[in-house]
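Taking it in order: structure first as C-alpha cells, then the write-up.
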Amino acid sequence: MGEYNFKEIEIKWQKFWKDNDTFVVRKNTKLPKYYVLDMFPYPSGAGLHVGHPLGYIASDIFARYKRHKGFNVLHPQGFDSFGLPTEQYAILTGQHPNKTTKENIDRYRKQLDRMGFSFDWSREIRTSESNYYKWTQWMFILLFNSYYNIKKNKAESIIKIIKKFEKQGNENINAYCKNKKLSFDSSKWNSYKDYEKENILQEYRLAFISNVEVNWCEELGTVLANDEIVNGVSERGGYSVVKKNMKQWSIRIGAYSERLLKGLEKIDWSESLKEIQRNWIGKSLGASIYFEIEGSNQNLEVFTTRPDTIFGATFMTLAPEHKMVKNLTKPKYKKQVLKYIKSSSSRSEKDRMSDVKSITGVFTGSYALHPFNKKKIPIWIGDYVLANYGTGAVMSVPCGDQRDFDFAKKFNIKIENIFNKIDVSKKAYTEKGSVVLSNSKFLNGLNYSEAIKKVINELEKNNIGKSSINYKLRDAIFSRQRYWGEPIPIYFKNGMPIPLNIEDLPLLLPKVKNYLPTKDGSPPLGNAKFWAWDTINRKVVNKNLIDNIEIFPLELNTMPGWAGSSWYFNRYMDPNNSEEFVGSKELNYWKEVDLYIGGSEHATGHLLYSRFWQKFLFDHKLVPVEEYSKKLINQGMILGSSALIYRKVGTQEYVSKNLLENNKVETIRVDTSLVNSKNELNIEGLKKWIPEFKNSRFILENGKYIVGRDVEKMSKSKFNVVNPDKICDQFGADTLRMYEMFLGPIEQSKPWDTSGISGVHSFLKKLWRLYHPIDNFSINNQKASSDSLKTLHKTIRKVSQDIEDFSFNTCISSFMICVNELKSQKCNSKEILKPLIILLSPFAPHFCEEIWHLMGYRSSISNEMYPIYDLKFLIELEKEYPISFNGKMRFKKSLSLDLSENDIKKNILKDQRTINFLNGSQPKKIIVVIGKIINIVY
RNA sequence: GCUUCGGUGGCGGAAUUGGUAGACGCGCUGGAUUCAAAAUCCAGUUCUUUCGAGAGUGUGGGUUCGAGCCCCACCCGAAGUACCA
C-alpha cells in the first residue's frame, strides 16, 4: 500500500480495539483515576448529524490523552432511552417503544463506532432497561421516605420526623414545610387516623402527591404544557383547554435551593451556565411583613425586597388566586371581583405573559392598616401579582416600583413620594443609590442599605415582620401522563399512596394495546386492564379487585425524562451491580466525574436536577461527594448553512439571488445537497426532489440560479444537515475528528463548512507521505537534525499545554505547522515520528495506530506514555525583537542579563517579576525565547 | 428591561494573557506538473499607496514607553430570563 487508505485503516483498528478490549476499564489498579463523561444521547429516529459528535470527539481526545498520561480512565457511554418521540412513534404505528428504541440505539451505535471513540461499551447503560430503572424507582421511594431537616441542612428519613410528631407534635421540628398553618401537638397526632397522618406527612416528604392546577385538553386527552397552548386553545388542533386540578407527584427541590446555589461556587463550570442556574434558583433577600386588616383579626403577609420603602405603600395587591380573596371581598364588590377572577383564570399563563402592558385589577372593598402609621391602605386584586411567588400578595409602593406606579395611575390611587429631592410624577424611582428617604418617620435621612437594616429591626422588635429570603425555584412536577417512562412504584390503599417494598422492584412497565390516554382521562397505563398490586403475593395483577382487601390500584403516571438521567453517572462506575445502585468500593475509587462535556441547553433541566439528586443521595451517605461534576464544558452548537431560493409572491417564479431587486419574494429552504460550492442550484435535481417544483420557472443570472445562504441550527426540517457517515466515507473518521476540533473553540457555536475539510485531510496525507517516500513505509533510524528536534519539542510543548486548556483547535494548527516544517527539513526520522505519533493519537487514533504498528510495535499505542518536551532543544530558539523607546520600562516577567542555561530554564518555567532597567539607555533589541523575553541588547 | 458571553481580513479563527496583530486552514491569484482534469508542489494574499510609507482589531475617550487584551461611555450581535414585588 502506498497512499493513505483511511477506509482500510479505520475498519482494521476499530476491530482490533474491540477484539482486544483495548478500552475496557482496568479494575484493581493502583493508577490514579480519571472520569470523562459525555451527556448520554437520546436515541432519536433521525440519527446523528455532524453537530452531535462534537462533544464526544472532544471528550474522547481528552480521555485518550489522560490514558497516555498514566491515568486509569473511565470513559463510558449509554442511552437516555425513555422519551416522548419514541412514544409518539408508537402511537402512530403501534410499534412497541422497546423495539423502536432498540433500532434507534443500533443505528446510533453504528454511527458512533465509525468515529473511533474509546468508549468502554461493556459499561453501557440504558435508562429504559429494568435493571437500570429499578434503581431509579428505588431512589424515588427513598425521596418519598425522606424529609428535609433545615437545621442540619440535609435530608433525613421520614421516620425521624414521625417519632418527633409522636413526642412533640410539629412545634420546633426544623423540617422544611411550605404549609405554615399546619399545627398539632403529640396527642392530636396520635389521635389521627392513618390517612390523616399521611396527609400531613405529604407536606414534608421530598416526593409527594398533591393537587396541582394543570392545562387539560379533553379532545387530545392529555395535559398540555403552557407553551403548547396558544390563545387559550391547543396549539395542535386548536381544541379548547381547561384548567383542571390533577393529582400530580412533585419533588421538593426547593428545599435544596440554598445548597444548589452555594454549590456553584465550588465547581468549575462556565460562568454563563452558573448564572443561568443562579437566575433560575432566583434568590432574593427581603422581608416578610404582616399587615393587619381593618375589622378582622387576620393578617396579610407580604414579601418585599424593599422594606425600606414601606412608608410609600399606598395600596396592597393580591394575586387573583390568593386564598384570602374571598374573605376580603366586601359584598358590594363581590360581583366584579368574581368576574375578574374568572376572566383572569381563563387566560393562559402564556397570554398573561405576552400581554404585560394592559393593566387590570379590581378593588375588594377591604383595607389593611399600615404597620407603623396605621393609615388605611386599600386592598386590590391584580393579575400582575403572581400567586406562586412569595406570598402571592404585595405591598404596592408606586413611587418605588414601576408596576405599582402604572397600576396606581390607572386606578387613580394615591402616590406618596418618599424619596428626598426626586421627582416621581412621571415614573417610579427604582434605583437603590445613595438617595435618602424622606416622609418616612424613623427612616428619614437614611439611604437604601441603612434603611433596610433599621426597618427590619423595627419589624422584628414589634413582631410585625422579619427578614426573609425567597427563591423562584419551584417544586418539580414529577408525573407524566405517558407510557414510555419509569413506572412510579406506588399503589393506593384507600387513596393513600404506599410505596412498594424494595425487594419487589423493579416494577415493570405493563403491556398495553394503545399508547394514548384512556377515554376517562387516565394516563396510558390505564389501558392495562387492570394494573394493580397484590400485597399478599407481591406482584402485579391484572384484575379489577381494588375493593379487595389485598389488591390495590397502582399509580398510572410515569416519571419524567429527567429521572433516569439524574444519577446515571454513578451507575457507570458499576453498571451491572444487581445488589446496589453502585458498589461502595467502586464509588470510593471513582468518586465523581472529573470532566463532563455536554450542551448548555440542559442548564435548568438535567444539570440542575442531577445536582439536586446527587445532594440528596449524599445526605443519605450513598455517594461520597456532594457535587458530582468537578468540571463542565459546554460544547457549542455546530450550525448548518441553509440554502434559500426566492419565489415571487403569488407566482411559480423563482428569482436568482442577485436579481431580487425590489421583487416581493418568499424565501424557501431547499436541500443543501442540491447546491454546489459556488452556490449554484441544481435545478433538475430540485425538480426531482419535490414534485412541487416541476412546473416552476427559474430566472437565472449568467445561466445559473444562485441561492442565498443562512446560517442556523442544523436540523432535518431545514434541509441543512450534514451526515457524519458521508464525511467518514469521503475523508475518514480521523479527518472528521480533527476537522471538528479545528473549526474553532469547543465552547463556541460555529458554522459547518465542508469545503474547509480538505486542509486537515491533506495534513494527514502529508504526514503519511513523509514516511512513505516511495511506496512502502520507510523510516530513518539515524539521529534527527537539531532543526527537527526543535520542531518536535516545540510541538510537544504547545500541544500538551493546549490540550490541558481544552484548546483543541490550536493543537491542530500546531500539528500542521510541525508537519510543514518536518517536510521542508525532509525529516523521516524515527526519533521524531515516535513521540509525534503518540502526541497525535488522541486526535487521529486510527492513523496513529497504523503507523505505530508499521514501526513494529505490537500493543496498542494507547498504552504508550505521553512524551515530555526537553527545554534544551528550545532554548536556542531565539527570536530577535527590535524595539525602540525611551524612559523606564516595566515587565511582568523578569529579565536578567547574562543568563546561564539554568537561569533561562527558571525564567521560562516560572513567572518572575520586575527587572532593574535601565538608567536612560535604550535597548536596541530584546531576545525572546519561546515567547519569553530573556535578554536585551544595547 | 435585566444577566452572561462576544465583536479581529472575503470566511473559520490565532495572538506567548500588556510586547512584531492577522498564526493555521479555507477561499482567491499566479506559476510548476498534466493532452486534460483530479491530486500534488511552489509563490502571493488586511487595507490604502504617488512604492517612500501610511492606516488598521465595532465607536469615542482614558491609563501606559507600549493596548485586540486593562478602565469609562456608547453601538451591534448571540444566549438565558422575564409582571419574581
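Throughout, a chain's letter reflects where its sequence line sits, starting with A, and its residues are numbered from 1. Bear in mind that the values here come from a model prediction, so they are computed numbers and not experimental data.
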message = Rounding to an integer number of Å, can you tell me how far A:Glu740 CD sits from B:G12 C1'?
response = 14 Å

query = To the side chain of A:Ser272, which of B:C83, B:A82, B:U4 is closest?
reply = B:U4

message = Check this for me, if you would: do A:Lys794 and A:Glu821 make a salt bridge, where the nitrogen-to-carboxylate-oxygen distance has to be below 4.0 angstrom?
response = yes

request  = Give a yes/no answer on whether the side chain of A:Asn820 brings an N or O atom under 4.0 Å of OP1 or OP2 in B:G25.
outcome  = yes

message = Between B:C28 and B:A39, how far apart are the two P atoms, rounded to whole Å?
response = 11 Å

remark   = Quick note, A:Thr305 side chain, CB onward, closest among B:A23, B:A85, B:C41 is B:A85

query = Centres of the A:Phe731 and A:Phe6 rings: under 6.0 Å?
reply = no

ask   = What does A:Ser762 touch in the nucleic acid at a heavy-atom separation under 4.0 angstrom: a base, only the sugar-phosphate, or nothing?
value = sugar-phosphate

key: Span that lies between the P atom of B:U29 and that of B:U64, in whole angstrom   = 49 Å

query = Does A:Tyr389 put a side-chain nitrogen or oxygen below 4.0 Å from OP1 or OP2 of B:A85?
reply = yes

remark   = Of B:G25, B:U40, B:C83, the nucleotide closest to the side chain of A:Met816 is B:G25

key: Value in whole Å for how far the P atom of B:U40 lies from OH of A:Tyr4   = 14 Å

request  = Could you give the distance separating B:U34 and B:C41 at their C1' atoms, to the nearest angstrom?
outcome  = 13 Å

inquiry  = Does this structure show an ion pair linking A:Arg278 with A:Glu265, if we count only N-O contacts that are shorter than 4.0 Å?
reply    = no

inquiry  = Under 4.0 Å, heavy atoms only, any strand: does A:Ser749 hit a base, just the sugar-phosphate, or nothing?
reply    = sugar-phosphate

task = Just compare B:A15, B:G25, B:A82 and give me whichever is closest to any side-chain atom of A:Thr810.
result = B:A15

message = Under 4.0 Å from OP1 or OP2 of B:G13: is there any side-chain N or O of A:Gln748 that close?
response = yes

ask   = Is B:G9 syn or is it anti, if syn means the base angle is within 90 degrees of 0?
value = syn

key: Value in whole Å for how far the C1' atom of B:U4 lies from CD of A:Glu275   = 6 Å

request  = Let me know, please, whether A:Ile757 or A:Tyr471 comes out on the 5' side of the other along RNA chain B by nearest nucleotide.
outcome  = A:Ile757

inquiry  = With a 4.0 Å cut-off on N to O distance, would you call A:Lys765 and A:Glu3 a salt bridge?
reply    = no

note = Relative to its sugar, using the 90° cut-off around 0, the base of B:U59 is anti

message = Of the listed nucleotides (B:C41, B:C84, B:G13), which one gets closest to any side-chain atom of A:Asn809?
response = B:G13

ask   = For B:G52, does the glycosidic angle fall within 90° of 0 (syn) or outside that (anti)?
value = syn

task = Please figure out whether A:Lys823 or A:Ile817 has its closest RNA chain B nucleotide nearer the 5' end.
result = A:Ile817

request  = State, without any angle test, whether A:Tyr771 and A:Ser778 hold a side-chain donor-acceptor pair at a distance under 3.5 Å.
outcome  = no

task = In whole angstrom, give me the gap between the P atoms of B:A78 and B:C71.
result = 25 Å

task = Could you measure between the two P atoms, the one in B:A32 and the one in B:A38, and give it in whole Å?
result = 15 Å

request  = Identify whether any heavy atom of A:Arg278 sits under 4.0 Å from a base atom; if not, whether one sits that close to sugar-phosphate; answer base, sugar-phosphate or nothing.
outcome  = nothing

ask   = Rounding to a whole Å, what distance do you find between A:Ile746:CD1 and B:C5:P?
value = 20 Å

ask   = Taking NZ, NE, NH1 and NH2 as the nitrogens, is one of them in A:Asp406 or A:Lys410 under 4.0 Å from a carboxylate oxygen of the other?
value = no

query = Which value, in whole Å, describes the distance between the C1' atoms of nucleotides B:G6 and B:U57?
reply = 14 Å

remark   = A:Glu601 CD to B:G80 P, in whole Å, measures 10 Å

Any-strand Watson-Crick or G-U partner of B:G54, both distances under 3.5 Å = B:C47

task = For B:G22 and B:G9, measure between their P atoms and round to the nearest Å.
result = 14 Å

message = If you only use heavy atoms from C-beta on, which nucleotide in B:C41, B:C83, B:U3 is closest to the side chain of A:Tyr384?
response = B:C83

ask   = P atom, B:A37 versus B:G44: distance in rounded Å?
value = 24 Å

inquiry  = When you measure from the centre of the six-membered ring of A:Tyr869, is the NZ or CZ of A:Arg797 closer than 6.0 Å and no more than 45° off the axis?
reply    = yes

Nearest listed nucleotide, side chain of A:Pro745, among B:A39, B:A85, B:A14 = B:A14

ask   = So does A:Ser270 get a side-chain nitrogen or oxygen closer than 4.0 Å to the phosphate oxygens (OP1/OP2) of B:U4?
value = no

key: Assigned partner base of B:U3, Watson-Crick or wobble definition, under 3.5 Å   = B:A79

message = From C-beta outward on A:Lys472, which listed nucleotide comes closest to its side chain: B:C84, B:C24, B:A85?
response = B:C84

request  = Please state how far atom NZ in A:Lys713 lies from atom C1' in B:A79, giving the value in whole angstrom units.
outcome  = 12 Å

Between A:Ser807 and A:Thr810, a side-chain donor and acceptor under 3.5 Å = yes

inquiry  = Could you identify the nucleotide paired to B:A67, looking across every strand shown and requiring Watson-Crick or G-U wobble geometry with both distances under 3.5 Å?
reply    = none

task = Any strand is fair game: report the nucleotide pairing with B:U34 by Watson-Crick or G-U wobble, both distances under 3.5 Å, or none.
result = none

ask   = Do A:Phe847 and A:Tyr4 have their ring centres less than 6.0 Å from each other?
value = yes

task = When you get a sec, tell me which of B:C84, B:G12, B:U3 is the closest nucleotide to the side chain of A:Pro751?
result = B:G12

ask   = B:U40 phosphate, OP1 or OP2: any side-chain N/O from A:Lys765 under 4.0 angstrom?
value = yes

note = Closest to the side chain of A:Lys766, out of B:U40, B:C41, B:A85, is B:C41

query = CG of A:Leu386 versus P of B:A82: gap in Å, rounded?
reply = 11 Å

Integer-rounded Å distance: B:G80 C1' and A:His602 NE2 = 15 Å

key: G-U wobble or Watson-Crick pairing nucleotide for B:G9 (cut-off 3.5 Å, both distances)   = none

